[in-house]
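Only this structure's heavy atoms are used, side chains among them; waters, hydrogens and symmetry mates stay out.
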Amino acid sequence: MEMKNKKCILGVIVIIFHIVYTYNALSYSVETPNKTVHQHIANESQKVWELTLPEMKQHLANPINNNLTSFYNDGDDIITGTGEEDALFNWLTHFWQPDSPQNGVYDDGLNSPLDMGSSYSRAMNFWKEEVFPYYVGKSESGSSHDIDQGRSYYWLGRVTHLLEDLAQPSHAILDCHPDIQGLEIFCGLSSGDGGSDDSFLEKYTGDNFLTLRATYNWTGSNFAGQQYNHENLQNMPSFNWTRVEPNSLGTFGDPTHLFRLFWYTAQKTQYFASDDVDGNSIYIALNGTQYNFSPSLWQSEGIAVVNNKSAFDGEDFYYSQSNEGSTCSSATFEECINRGLNIPCYLCNNNTGPNIVKVTNAVIPHAMKAVAGLYRLFWHTVRNELRINVPKDKDNVYKKDKVFGGVKQGGIWFTELNVSTDKTIEVRIIPSPYQGSNLTFTLSPPSGANSSLTGAADSYKLTVVNPTQGLWNITVNGNTISSSTQRFEAQAGIVRSTDAPGGVNFTDANLLYISTCSPSSGIEVVMKGTEANTSTGDTLLNISNATTTATDAFLTGLIIPNYKQIVSMYPIGSVQIDDTFSQTETARILLDADAKLKFTFYNDTTAKNQYKAIVEYLWNNMLPQSPYYNDIKTNFNSKWDRL
């Protein structure tokens with residue numbers, strides 16, 4: 001009984017050891033402190049895209065040899081996320097065969113004993129469910145989402161890892177390679193030898209990392225400006241994307257370009273062989289037709305493609321129970337145990353040779369260029385989503401543009417303001433009324449000069465006369481935050497020059513008669529009103545003025561659609577109104593009435609804040625939860641913004 005217990009304990013220890021070891025075994029190494037290949041590629045890639053912005057660089061600042069966990073912590077960044085994507089058994093989802101389109105699903109990865117899905121599918125899920133929502137503050141359905149840009153960058157690091165893996169041949173041709181006794185069960189239906197050995201490339205780059213990291217092909221600045229641009233991928237100027245591109249990607253977070261970047265990277269990697277599978281230069285269309293790439297995806301790069309697995313026969317490594325000669329050296333305890341060998345065991349051929357070097361010198365820069373393209377795609381995507389345009393609508397120049405933002409204590413939120421007018425503009429930051437916070441709002445023009453405002457949460461407003469046209473920067477700093485994240489609305493628009501509103505009471509003037517019979521007189525109307533009783537305090541009404549006003553209102557109602565006849569003074573201090581309707585007497589009266597209503601019932605700061613809180617809660621939080629929310633938005637379309 002005691003012996004059986006010892007065996008059980010030993011079995012548990014081996015299983016735990018396997019789980020821990022898979023953190024650094026099955027892709028480019030992430031093992032700290034001296035084998036951090038994945039983190040190095042992520043870090044160097046920012047030098048490839050020369051326009052990497054300061055904000056992104058702040059999230060590429062952690063040391064590449066930081067300790068790793070399995071989940072996000074405050075302060076984690078792209079570098080950290082890149083390493084932590086290899087935690088536990090995530091490696092099972094890090095393979096993709098792009099030549100198996102599956103009618104556009106593209107989810108062919110390891111599939112034994114379970115279908116693990118593809119790394120592309122995993123990356124797309126991260127992109128849509130973590131990276132994009134945490135940055136822009138909304139989900140794919142359009143509902144409100146937590147804003148945590150640090151967390152967004154962390155998940156971008158997880159996507160980065162998956163893209164780096166697809167720049168390694170074994171991962172793009174399904175050559176599974178856990179090289180740990182017992183784990184080869186996951187590789188039964190993969191290409192190659194069923195996972196009986198590790199990838200020569202991953203072992204070579206990990207074992208020699210400290211030497212290789214300073215060489216030419218491992219230094220991002222040597223490939224500056226050569227990032228893969230998603231809209232114009234190298235050697236594919238006239239490629240017919242409809243042959244391979246899924247039709248149901250949607251538009252949330254620009255997934256079409258993410259697919260293209262992943263597919264291009266994997267196809268370019270497939271030119272190279274692994275130690276068990278030959279390379280290829282073909283792709284398979286959605287309809288199953290096979291095509292050859294023309295020109296080669298490696299054209300003009302001076303790369304010697306090694307596409308035959310036999311080229312590595314004399315260079316690959318293997319483990320043996322006996323010392324077979326001068327090509328063998330003693331293996332470590334860990335290496336022997338992982339392969340079910342007694343101790344001592346030996347590492348033979350030592351994983352060296354010119355073909356291994358050729359592959360490494362090609363795919364490491366390939367990975368950096370792909371990741372630099374990912375950084376660029378991310379930045380352009382979130383900037384396009386959050387950029388505020390003034391004017392927003394050329395047909396309605398006074399319509400404000402707005403986005404939602406959020407900032408943590410001591411954090412920074414940033415977006416761009418695209419100004420294409422020389423009219424006076426107003427920029428506002430409107431914090432959520434539920435949170436008492438102290439923010440700093442800064443507006444920086446293209447020239448680099450700053451204008452800033454610091455004050456109470458309901459007074460963040462800057463007016464700019466004769467603004468310089470171009471991209472301005474809006475920055476919000478979180479000084480004192482009462483909750484984990486302070487949400488706010490950022491909005492901007494052209495300031496309308498109008499006289500102060502007045503009002504005319506014509507509610508008792510009724511239309512009796514209308515005539516268009518006289519060409520010289522045009523429209524003629526007859527109005528009836530109730531005679532004022534001055535003894536009871538009734539206000540005398542000028543019937544001539546009332547008739548004119550009522551006629552104007554009648555004609556306004558005939559010409560302007562009902563849904564445009566709305567005046568909204570929310571958020572407090574702003575006016576949302578249709579440009580054409582705003583020029584009518586009816587709109588002036590509605591505005592006057594709305595202003596007087598709010599002055600009467602919300603004439604102190606506390607009441608105003610309560611009003612704002614109620615409106616924001618009902619409109620922005622409760623309404624999107626309605627099962628008819630999307631139908632309402634679809635049916636109202638552009639009218640929605642004016643409600």
Side-chain angles (χ1 to χ4, degrees), residues 21-45 47-48 63-66 68 79 82-83 86 91 94 161 164-171 175 177-180 197-223 269 272-276 303-306 309 311-320 326-336 338-339 345-371:
Y21 186 72
T22 55
Y23 210 134
N24 54 54
L26 303 151
S27 63
Y28 287 129
S29 176
V30 300
E31 184 179 2
T32 60
N34 297 324
K35 296 183 177 182
T36 52
V37 179
H38 267 294
Q39 296 95 313
H40 173 82
I41 294 173
N43 186 46
E44 290 296 311
S45 296
K47 303 173 186 176
V48 177
I64 65 173
N65 56 1
N66 265 11
L68 304 176
I79 304 293
T82 302
D86 249 353
W91 66 272
H94 291 186
H161 181 113
E164 290 174 2
D165 270 355
L166 286 177
Q168 203 278 75
S170 294
H171 286 262
D175 181 7
H177 45 272
D179 197 24
I180 297 178
D197 65 350
D198 198 359
S199 160
F200 70 79
L201 184 62
E202 292 170 355
K203 181 169 178 57
Y204 173 74
T205 55
D207 289 348
N208 298 281
F209 173 68
L210 293 180
T211 301
L212 293 171
R213 62 179 293 183
T215 61
Y216 182 90
N217 287 57
W218 286 65
T219 305
S221 57
N222 292 328
F223 305 96
T269 303
F272 285 90
S274 70
D275 54 352
D276 298 314
I303 296 296
V305 175
V306 184
K309 63 182 181 182
F312 308 110
D313 288 346
E315 303 179 8
D316 198 4
F317 69 96
Y318 64 94
Y319 290 90
S320 174
S326 60
T327 61
C328 296
S329 60
S330 295
T332 66
F333 172 87
E334 180 181 270
E335 290 170 333
C336 295
N338 279 341
R339 291 153 188 88
C345 72
Y346 300 88
L347 170 64
C348 298
N349 274 7
N350 293 324
N351 203 45
T352 59
N355 289 308
I356 292 177
V357 173
K358 288 179 183 177
V359 177
T360 305
N361 286 340
V363 299
I364 293 299
H366 172 46
M368 292 191 297
K369 295 173 187 178
V371 171

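In plain terms, the two heavy atoms of Ala167 and Tyr28 that are nearest each other are O-OH, 3.8 Å. When all heavy atoms of Gln39 and Leu68 are compared, the closest pair comes out as NE2-CD1, 3.9 Å. Between Ala367 and Ile41, the closest heavy-atom pair is CB-CG2, 4.0 Å. Residues Val306 and Ala311 share a closest heavy-atom pair of CG1-CB, 3.7 Å. Looking at every heavy atom in both residues, Pro33 comes nearest to Asn65 through O-CB, 3.7 Å. Across all non-hydrogen atoms, the minimal contact from Val37 to Thr205 is CG2-O, 3.8 Å.
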Evaluation steps, side chain to side chain contact (heavy atoms under 4.5 Å, CB included), between Lys203 and Leu347: CA-CA 12 Å; Lys203 181 169 178 57; Leu347 170 64; 4.1 Å; yes

Going through the distances and angles, do Glu335 and Tyr319 end up as a side-chain hydrogen bond (donor to acceptor under 3.5 Å, both in side chains)? CA-CA 8 Å; Glu335 290 170 333; Tyr319 290 90; 3.1 Å; yes

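Atom CG of Asp275 and atom OG of Ser170 lie 6.0 Å apart (nearest 0.5 Å). Distance OH/Tyr346 to OG/Ser330: 5.0 Å, rounded to 0.5 Å. Summarising the geometry, atom CG belonging to Asp207 is positioned 7.0 Å from atom CG belonging to Asn351; distances are rounded to the nearest 0.5 Å. Between the CG atom of Asp86 and the CD atom of Glu31 there is a distance of 11.0 Å, given to the nearest 0.5 Å. Atoms OG1 and CG, on Thr360 and Leu201 in that order, are 4.5 Å from each other to the nearest 0.5 Å. Atom CG of Asn43 sits about 14.5 Å away from atom NE2 of His38, to the nearest 0.5 Å.
Using a 4.5 Å heavy-atom threshold, the side chains of Phe317 and Thr352 count as separate. Counting only heavy atoms from C-beta outward, the side chains of Glu44 and Ile364 never approach each other to under 4.5 Å. Between His171 and His177 there is a side-chain heavy-atom pair separated by less than 4.5 Å. Inter-residue side-chain proximity for Asn222 and Lys47 is flagged as unmet; no heavy-atom pair is nearer than 4.5 Å. Arg213 places a side-chain heavy atom less than 4.5 Å from the side chain of Ile64. For the pair Phe209/Trp218, a side-chain contact is recorded, criterion being any heavy-atom separation below 4.5 Å from C-beta on. In this structure, Glu315 and Asn349 have side chains that are not in contact, with every pair of non-hydrogen atoms separated by 4.5 Å or more. Residues Leu166 and Thr269 have side chains not in contact (no heavy-atom distance under 4.5 Å, counting atoms from C-beta outward).
In summary, the side chains of His94 and Gln168 do not present any donor paired with an acceptor at a separation below 3.5 Å, with no hydrogens or angles considered.
Each of Phe272, Phe200, Tyr318, Tyr204 was evaluated against Phe312; a single residue qualifies, Phe200, per the ring pair (Phe, Tyr, Trp, His ring centres under 6.0 Å) test.
Checked by atom type and distance alone, the side chain of Thr219 never pairs as donor or acceptor with a backbone atom of Ser221 at under 3.5 Å.
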